[in-house]
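Written out below as structure tokens is the structure these notes cover.
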Amino acid sequence: MNTDILVIGAGPVGIYTAKCLAQCGYEVRLLGKRPEMVKQICCTGLISTECAATYGFHGEYIQNHFSEATVYSPYGRKLLLKRDTPQAIMLDRGGFQAGLLKQAVNCGVQTNFGCQVNGLENTGNGICITTKGGQTFFAKAAVLAAGYNTELSRAAGLGEIKHFAFGLQGEVDTSIPTALSLFTGKAISQGYFGWLSPINDHAAKMGLLTRKNPNECWSILHNTIYKQGLIPDRNIKYACRPVPAGNLSASFGDRVLAVGDFAGQLKPTTGGGIYFGLLCADLAVACLDKKIKTNKLSKADMAEYEKSWKALIGSELYIGKLLSRIYAGLDDRLLEQIFKKCAANGMIEKMAAKSHLGFDWHGKAFAHLLKNPLDLIRS
Ligand SMILES: Cc1cc2nc3c(=O)[nH]c(=O)nc-3n(C[C@H](O)[C@H](O)[C@H](O)COP(=O)(O)OP(=O)(O)OC[C@H]3O[C@@H](n4cnc5c(N)ncnc54)[C@H](O)[C@@H]3O)c2cc1C
């Protein structure tokens, strides 16, 4: 089967990339591993209002808006982060992804679901992709958007992202209306945090990200939230999947570009990858459009893509990883002390009110504080 561009992976970043390439006038085929779009996706779907505005996500897929969050210390102390206007929105992830797919198909994207890609070969004048089921596809170029996938990245000659965290999520009934809540402490998460993100007054998404011991961390998070009186003491079904904690050594190859989680384009502090993945998808589309028109699709030609996405989010990833490592190194008692100090002098509330501290650009905010230490002292 011949086409201009093959996009591998029908997650939000792959679907969006396919749609944009079709809008540029290319014949695009999207290959997805699952037989059909799933309704339940292991992802909370929290994005910033900046992301929603940039990509025009509004209306029917929005489950909730948040202008505040309560952060719990390891020993149960609470800090409230609050702004006057919504900072984040929560998507119905299944509905959102299905809606994106509908838009892509309307733009002319052809789809093959139930296709697990396991081989890629550069034939000199094109790329040949094979699936586990024995199908073969040919194209001028391919975009790899298959989530965290070391097998496929190795097969594409792009190396692999060695480190990952476990992301867990389930839907819970809530006993009382709750606010967006984050839970810290080594027992709940090694290196990250847990969360309860209300869908409405009766239900919420409960989740966590951790480097180790996912099942133990889940039980402790459940118990902690139950003790706060927020959820009933009932077993909750949850799904678990890996979240990349690092980047590919190269996100480009002969006739190939990698985007989204596949390339490790996500916030190292929170594991949020929708916004950064979409931003990088825009750059992949711009690069491919240019390279296909000039028939310059060698690895050296495609390197331009990595330069452009690193110029946009490279420092965020670098500083984010640093912050994540510092946080992971704090023991619970020290973290508790930090909470206590912040609660006593209202520092966090004052910092949260500052406009440069946002939902997405944590590296930028940290760099601002380093350049303007007086901001911290004045808080
Ligand atoms: C518990 C949890 C909560 C999260 N919460 C948030 C959040 O609130 N906000 C946020 O921004 N991010 C969140 N994330 C991260 C977010 O889900 C990802 O960053 C985002 O889905 C990345 O999109 P993607 O299209 O790159 O990859 P994915 O969504 O992983 O999609 C990849 C697709 O490729 C398919 N695929 C895989 N292998 C193959 C193959 N060999 N051949 C063909 N198809 C293949 C998969 O089936 C999948 O459909 C969360 C993640 C987890 C685990």
Side-chain angles (χ1 to χ4, degrees), residues 6-18 29-38 40-48 51-52 55 57 63-64 66 88-91 93-94 96-97 100-101 111-120 129-133 135 137 142-156 164-171 180 182 189 192-195 197 205-210 214 218 238-245 258-281 284 359-360:
L6 287 164
V7 178
I8 321 301
V13 180
I15 300 172
Y16 174 77
T17 308
R29 187 169 287 276
L30 175 69
L31 307 181
K33 181 167 85 175
R34 293 175 191 266
E36 57 187 17
M37 274 287 127
V38 282
Q40 296 291 339
I41 295 176
C42 180
C43 170
T44 308
L46 275 177
I47 55 169
S48 60
C51 171
Y55 290 98
F57 300 146
Q63 287 180 319
N64 213 341
F66 301 109
I89 64 168
M90 188 166 72
L91 301 164
R93 265 299 260 111
F96 163 70
Q97 200 157 304
L100 256 188
L101 181 67
T111 58
N112 287 71
F113 289 106
C115 268
Q116 182 173 349
V117 171
N118 61 357
L120 280 97
I129 279 180
T130 48
T131 71
K132 214 174 164 188
Q135 283 170 290
F137 298 88
V143 178
L144 302 176
Y148 180 67
N149 196 324
T150 51
E151 212 178 315
L152 195 58
S153 62
R154 276 199 310 270
F164 67 91
F166 299 91
L168 290 77
Q169 186 178 272
E171 267 193 36
L180 175 63
L182 307 179
S189 166
Y192 298 90
F193 51 88
W195 62 89
S197 198
K205 295 176 193 173
M206 172 177 146
L208 70 86
L209 209 57
T210 180
W218 179 267
Y238 60 92
C240 175
R241 70 182 175 98
V243 172
V259 287
D261 274 21
F262 191 87
Q265 294 161 339
L266 64 160
K267 289 182 265 180
T269 40
T270 64
I274 298 173
Y275 189 28
F276 283 8
L278 295 175
L279 288 171
C280 295
F359 187 85
D360 292 314

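Numbers here simply count residues along the sequence, with the first being 1. In each ligand, atom 1 is the first atom listed, and ligand 1 is the first ligand listed.
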> Can you tell me how far CG of L30 sits from CG of L101, rounded to the nearest 0.5 angstrom?
Replying inline: 6.5 Å
> Hey, looking at atom 39 (C) of ligand 1, which of G32, A145, G11, A146 has the closest heavy atom?
Replying inline: A146
> Does N149 approach ligand 1 within less than 4.0 angstrom via side chain, backbone, both or neither, non-hydrogen atoms only?
Replying inline: side chain
>> Is it the case that atom CD in E171 sees more than 12 heavy atoms from other parts of the structure closer than 6.0 Å?
In response: yes
> Identify the closest protein heavy atom to atom 43 (C) of ligand 1: which residue and atom is it, and at what distance?
Replying inline: C115 O, 3.3 Å
> Going through the checks in order, is the side-chain contact (heavy atoms from CB on, under 4.5 Å) test met by Q63 and S197?
Replying inline: CA-CA 10 Å; Q63 287 180 319; S197 198; over 6 Å; no
> Below 4.0 Å from any atom of ligand 1, is there a heavy atom belonging to L168?
Replying inline: yes
> Heavy-atom contact under 4.0 Å between G277 and ligand 1?
Replying inline: no
> Quick one: does G207 get a heavy atom under 4.0 Å from ligand 1?
Replying inline: no
> Which of the numbered atoms in ligand 1 are below 4.0 angstrom from a heavy atom of I8?
Replying inline: 42 (N), 43 (C)
>> For a side-chain contact (heavy atoms from CB on, under 4.5 Å) check, start with the C-alpha distance between L152 and F262, then their side-chain angles and the critical distance, and finish with the verdict.
In response: CA-CA 9 Å; L152 195 58; F262 191 87; 3.9 Å; yes
> For ligand 1, which atoms have a heavy atom of G147 less than 4.0 angstrom away?
Replying inline: 27 (O), 30 (O), 32 (C)
> Within the distance-only criterion (no hydrogens, no angle test), does the side chain of S189 pair as donor or acceptor with the backbone N or O of L209 below 3.5 angstrom?
Replying inline: yes
> What residues form a ring-ring contact (aromatic ring centres under 6.0 Å, His included) with Y192, not counting sequence neighbours?
Replying inline: none
> With atoms numbered from 1 as shown, which atoms in ligand 1 lie under 4.0 angstrom from a non-hydrogen atom of V243?
Replying inline: 53 (C)
> By number and element, which atoms of ligand 1 are closer than 4.0 Å to a non-hydrogen atom of G260?
Replying inline: 26 (O)
> Considering only protein heavy atoms, which is closest to atom 42 (N) of ligand 1, and at what distance to one decimal place?
Replying inline: V117 N, 2.9 Å
> Nearest protein heavy atom to atom 25 (O) of ligand 1, by residue and atom, and its distance?
Replying inline: V13 N, 3.0 Å
>> With heavy-atom distances below 4.0 Å as the criterion, list the atoms of ligand 1 near G9.
In response: 33 (C), 34 (O), 35 (C), 44 (N)
> Among R93, R241, M206, which residue places a heavy atom closest to atom 17 (O) of ligand 1?
Replying inline: R241
> For the residue pair Q265 and F276, what are the closest heavy atoms and their distance?
Replying inline: O-CB, 3.3 Å
>> Could you identify the single nearest non-hydrogen protein atom to atom 26 (O) of ligand 1 and state the distance to 0.1 Å?
In response: D261 N, 3.0 Å
> What's the shortest distance from atom 44 (N) of ligand 1 to any protein heavy atom, and which residue and atom give it?
Replying inline: K33 N, 3.1 Å
> Parallel, tilted or perpendicular: which fits the ring planes of F164 and Y148, with parallel below 30° and perpendicular above 60°?
Replying inline: tilted
> Can you tell me how far OG1 of T131 sits from CG of N112, rounded to the nearest 0.5 angstrom?
Replying inline: 9.0 Å
>> Between L31 and Q135, is the side-chain contact (heavy atoms from CB on, under 4.5 Å) condition met? List the steps.
In response: CA-CA 11 Å; L31 307 181; Q135 283 170 290; over 6 Å; no
> Under 6.0 Å from the CZ atom of R154, do we count more than 12 heavy atoms belonging to anything else shown?
Replying inline: yes
> Between K205 and T44, is there a donor-acceptor pair closer than 3.5 Å when you use the side chain of the first and the backbone of the second?
Replying inline: yes
>> Please work out, at 4.0 Å between heavy atoms, whether the side chain, the backbone, both, or neither of C43 comes within that distance of ligand 1.
In response: both
> Taking the side chain as C-beta and beyond, is there a heavy-atom pair between L46 and T270 under 4.5 Å?
Replying inline: no
> N/O to N/O below 3.5 Å, does that happen between T44 and ligand 1?
Replying inline: yes
> Do the side chain of Q97 and the main chain of A10 share a donor and acceptor less than 3.5 angstrom apart?
Replying inline: yes
> Can you tell which part of I15 has a heavy atom less than 4.0 Å from ligand 1: side chain, backbone, both or neither?
Replying inline: neither
> W195: heavy atom below 4.0 Å from ligand 1, yes or no?
Replying inline: yes
> Counting each atom of ligand 1 from 1 as listed, which ones have a heavy atom of G45 under 4.0 Å away?
Replying inline: 7 (C), 8 (O)
> What do you reckon, does I47 have a nitrogen or oxygen under 3.5 Å from a nitrogen or oxygen of ligand 1?
Replying inline: no
>> What I want to know is whether I274 and ligand 1 share at least one N or O pair that is separated by under 3.5 angstrom.
In response: yes
>> Heavy atoms only: which of G272, G119, P12 lies closest to atom 10 (C) of ligand 1?
In response: G272
> Considering only heavy atoms of L46, which atoms of ligand 1 have at least one such atom less than 4.0 Å away?
Replying inline: 7 (C), 8 (O), 9 (N), 10 (C), 11 (O)
> What atoms of ligand 1 come closer than 4.0 angstrom to any heavy atom of G271?
Replying inline: 14 (N), 15 (C)
> Is there a side-chain contact (heavy atoms from CB on, under 4.5 Å) between F137 and V117 once you walk through the steps?
Replying inline: CA-CA 10 Å; F137 298 88; V117 171; over 6 Å; no
> In Å and rounded to the nearest 0.5 Å, what is the CZ to CD distance from R93 to Q169?
Replying inline: 9.5 Å
> Can you tell me which residue and heavy atom of the protein come closest to atom 2 (C) of ligand 1, and the distance to 0.1 Å?
Replying inline: C42 O, 3.6 Å
> In the protein, which heavy atom is nearest to atom 12 (N) of ligand 1, and how far is it?
Replying inline: G273 N, 3.1 Å
